[in-house]
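Structure first, then comments.
Numbers here are sequence positions counted from 1. Bear in mind that the values here come from a model prediction, so they are computed numbers and not experimental data.
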Amino acid sequence: MKRLTYLLFFVLLTGMTYAQQAKYVFYFIGDGMGVNQVNGTEMYLAEQEGRIGVTPLLFTQFPAVGVATTFSATNSVTDSSAAGTALATGVKTYNGAIGMDDQKNVLQSVAEKAKKAGKKVGVTTSVSIDHATPAAFYAHQPNRNMYYEIALDLPKAGFDFYAGGGFLKPTTTAEKKEAPSIFPIIEEAGYTIAKGVDDFKSKAAQADKMVLIQKDGATPSCLPYSIDRKEGDLTLAEITESAISFLTKGKNKGFFLMVEGGKIDWSCHSNDPATTFEEVIDMDNAIKVAYEFYKKHPKETLIVVTADHETGGLGLGTGKYELHLKALKNQKQSQDLLSTAITDLRKAKGHNVTWEDAKALLAEKMGFWKELPLTWEQEKMLRDEFEQSFVKNKVVFEETLYSKTEPLAASARKVMSQIAMVGWTSGSHTAGYVPVYAVGAGSKEFAGKYDNTEIPKRIAKVAGYK
């Protein structure tokens with residue numbers, strides 16, 4: 001009886017129960033994924049089925065749902081590094097900081113706490129491993145652009161598994177000086193570097209610690225957009241599957257795994273709705289991999305899905321009481337690849353590109369005229385841009401944070417948003433709420449409205465990290 005009394009007292013004191021203890025933690029972060037990115041994706045899917053409504057994504061059906069504020073210590077609109085640091089450490093900081101507070105003191109991340117608690121730890125992303133959000137979980141640097149220095153922090157953290165596109169500055173310091181390549185430094189610290197899934201599978205059994213990146217020849221900054229993917233390209237779902245298999249081999253004391261869908265943000269910076277919705281679907285496919293694991297270990301697994309901030313000020317409706325999201329399915333490529341196709345056309349034909357050539361390309365890639373009728377104003381916008389950049393040869397590329405875009409491709413993207421009746425207030429981040437979804441052990445902790453700094457604190461609580 002005394003023992004039972006002591007046990008009940010302990011439960012009341014800690015607020016924990018055995019059922020809440022999470023041995024396995026999945027922490028999904030959709031970079032730039034605000035409420036409308038999620039809602040729009042579900043309506044986009046429903047319209048493809050020929051109906052009005054929503055086709056639920058897996059993660060929106062999780063039983064615990066919340067919303068979080070995202071402001072940084074220095075501004076109501078956060079950047080990815082301050083938001084990533086908040087989601088990793090539970091502390092607000094200035095825009096630009098990685099794993100440091102606003103006085104540049106080192107902060108301990110929830111991933112570092114998990115490692116200290118004896119768990120295996122993975123940090124993964126669809127962009128570069130040294131990018132702001134993944135970096136906030138393992139690195140401590142005063143500026144997010146210190147990519148080389150951030151990469152050097154990776155082996156210092158000693159986590160078990162890292163994955164992403166690659167590294168942005170593997171041989172160049174923040175002062176733009178040549179430096180020893182980070183790859184042998186990482187290998188000397190006991191990591192095996194795998195390039196692609198097949199290489200990972202052949203090396204995983206013998207590896208103590210792993211860094212999974214894309215095959216040679218792929219751009220190290222990111223995985224391809226889902227809408228542009230070709231056979232053999234590394235995917236976020238494959239990264240998630242690889243991480244689970246690696247983190248559960250050998251002595252299995254549990255794990256903490258962060259997975260970032262990083263290119264939702266990039267497509268929102270470009271105000272590219274079709275690419276954005278396909279990126280949200282792609283992250284949901286990675287979450288499905290985690291959910292299959294959860295179904296095998298439901299009492300010990302926690303899955304949390306959230307975002308670091310909203311990007312683009314996405315609006316679903318632009319005046320009339322209408323949306324035409326089905327039109328977006330006619331877009332065959334991201335704005336980035338459309339821009340490349342237009343540049344290739346220019347190179348192939350020199351100064352002899354005709355309006356009919358340009359129309360044929362836009363019809364093939366965007367469905368304009370063929371499947372999607374254009375208004376006189378929309379066609380005039382495209383024709384005027386063609387005249388400016390092809391006839392007058394005044395080519396002014398549109399620049400956003402992650403892309404430089406042919407002016408005709410930028411105009412085509414604007415026309416597509418008009419047809420779909422999707423609006424954008426910004427080419428950057430906004431201060432909108434981000435959604436939070438959770439399922440599994442301790443998931444009730446994530447219902448309600450709170451600040452983003454609460455999320456890692458609550459994860460640490462339900463997982464028993466100190």
Side-chain angles (χ1 to χ4, degrees), residues 30-34 37 79-81 125-128 130-133 144-145 147 164-169 214 217-230 233-234 236 260-280 282-283 307-314 328 331-347 358 361-362 365-366 381-382 385-386 388-390 394-418 420 422-430:
D31 196 343
M33 188 183 74
Q37 278 79 357
D79 82 325
S80 290
S81 55
T125 180
S126 61
V127 295
S128 63
D130 50 12
H131 213 257
T133 302
R144 62 177 292 179
N145 295 322
Y147 296 111
F167 296 89
L168 289 177
K169 303 283 184 183
Q214 296 181 103
T219 175
S221 63
C222 58
L223 276 54
Y225 281 120
S226 171
I227 199 171
D228 298 332
R229 185 178 296 144
K230 298 189 286 293
D233 288 339
L234 185 62
L236 196 62
E260 183 200 22
K263 293 193 78 176
I264 300 168
D265 175 64
W266 292 27
S267 59
C268 288
H269 275 288
S270 295
N271 292 174
D272 183 348
T275 303
T276 295
F277 295 150
E278 291 293 339
E279 284 302 296
V280 175
D282 193 59
M283 193 174 85
D308 51 357
H309 51 73
E310 196 277 344
T311 302
L314 174 63
L328 298 173
Q331 183 174 325
K332 301 296 187 285
Q333 293 178 320
S334 68
Q335 177 193 264
D336 291 3
L337 284 199
L338 176 61
S339 179
T340 301
I342 291 169
T343 299
D344 290 345
L345 179 65
R346 188 191 303 280
K347 288 176 181 174
L361 179 63
L362 293 176
K365 304 292 187 184
M366 305 293 279
M381 185 196 302
L382 296 171
E385 197 53 75
F386 170 81
Q388 189 75 4
S389 61
F390 282 89
K394 293 179 180 176
V395 186
V396 181
F397 275 64
E398 180 182 278
E399 292 194 42
T400 62
L401 190 57
Y402 298 110
S403 65
K404 285 181 69 175
T405 307
E406 278 270 4
L408 185 58
S411 293
R413 178 209 71 219
K414 289 170 188 171
V415 168
M416 184 59 90
S417 283
Q418 285 182 10
V422 168
W424 303 89
T425 66
S426 170
S428 190
H429 301 175
T430 72

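Q335 has its side chain out of reach of T275: every pair of non-hydrogen atoms, C-beta onward, lies at least 4.5 Å apart. At a threshold of 4.5 Å between non-hydrogen side-chain atoms, the residues H269 and H429 count as touching. Contact check for P273 versus W424: side-chain heavy atoms found under the 4.5 Å cut-off. At a threshold of 4.5 Å between non-hydrogen side-chain atoms, the residues H131 and T125 do not count as touching. For the pair H309/D265, a side-chain contact is recorded, criterion being any heavy-atom separation below 4.5 Å from C-beta on. Contact check for R346 versus V395: side-chain heavy atoms found under the 4.5 Å cut-off.
What you find for G34 and E310 is that their closest heavy atoms are CA-CG, 3.6 Å. When all heavy atoms of S426 and N271 are compared, the pair lying nearest together is O-ND2, 3.0 Å. Closest non-hydrogen pair, L223 versus L234, comes out as CD2-O, 3.2 Å. When all heavy atoms are compared, the tightest approach of M283 to I264 is SD-CD1, 4.4 Å. In terms of heavy-atom proximity, L338 sits nearest to A412 at CD2-CB, 3.9 Å.
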Applying side-chain hydrogen bond (donor to acceptor under 3.5 Å, both in side chains) to T219 and S221, what does each step give before you reach the verdict? CA-CA 6 Å; T219 175; S221 63; 3.1 Å; yes
How far apart are the C-alpha atoms of E279 and S267, what are their side-chain angles, what is the distance that settles it, and do they pass the side-chain hydrogen bond (donor to acceptor under 3.5 Å, both in side chains) test? CA-CA 8 Å; E279 284 302 296; S267 59; over 6 Å; no
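With sequence neighbours excluded, the residues that form a side-chain hydrogen bond (donor to acceptor under 3.5 Å, both in side chains) with S128 are D130. In this structure, the side-chain contact (heavy atoms from CB on, under 4.5 Å) partners of E385, at least two apart in sequence or on a different chain, are Q388, S389, P407, L408, S411. Residues meeting the side-chain contact (heavy atoms from CB on, under 4.5 Å) test with A410, sequence neighbours left out: E398, T405, R413. For the salt bridge (Lys or Arg N to Asp or Glu O under 4.0 Å) test, no residue two or more places apart in sequence or in another chain qualifies with D31. Partners of A218 by side-chain contact (heavy atoms from CB on, under 4.5 Å), not counting sequence neighbours, listed by chain and number: Q214. Residues satisfying the side-chain hydrogen bond (donor to acceptor under 3.5 Å, both in side chains) test with T340, not counting sequence neighbours, are none.
A distance of 4.0 Å separates OG1 in T343 from CZ in F397, rounded to the nearest 0.5 Å. The distance from the CG atom of D336 to the CG atom of D272 is 7.5 Å, given to the nearest 0.5 Å. The OG1 atom of T133 lies 4.5 Å from the CG atom of D308; values are rounded to the nearest 0.5 Å. Atom CE of residue M381 and atom NZ of residue K414 lie 7.0 Å apart, to the nearest 0.5 angstrom. We find the NZ-NZ distance between K332 and K365 to be 10.0 Å, quoted to the nearest 0.5 Å.
Checked for salt-bridge contact, D282 and K263 miss the test: no charged N lies under 4.0 Å from a carboxylate O.
Among S334, S126, S403, C222, the single residue meeting the side-chain contact (heavy atoms from CB on, under 4.5 Å) criterion with W266 is C222.
Under the 3.5 Å distance criterion, the side-chain polar atoms of D233 are matched with a main-chain donor or acceptor of K230.
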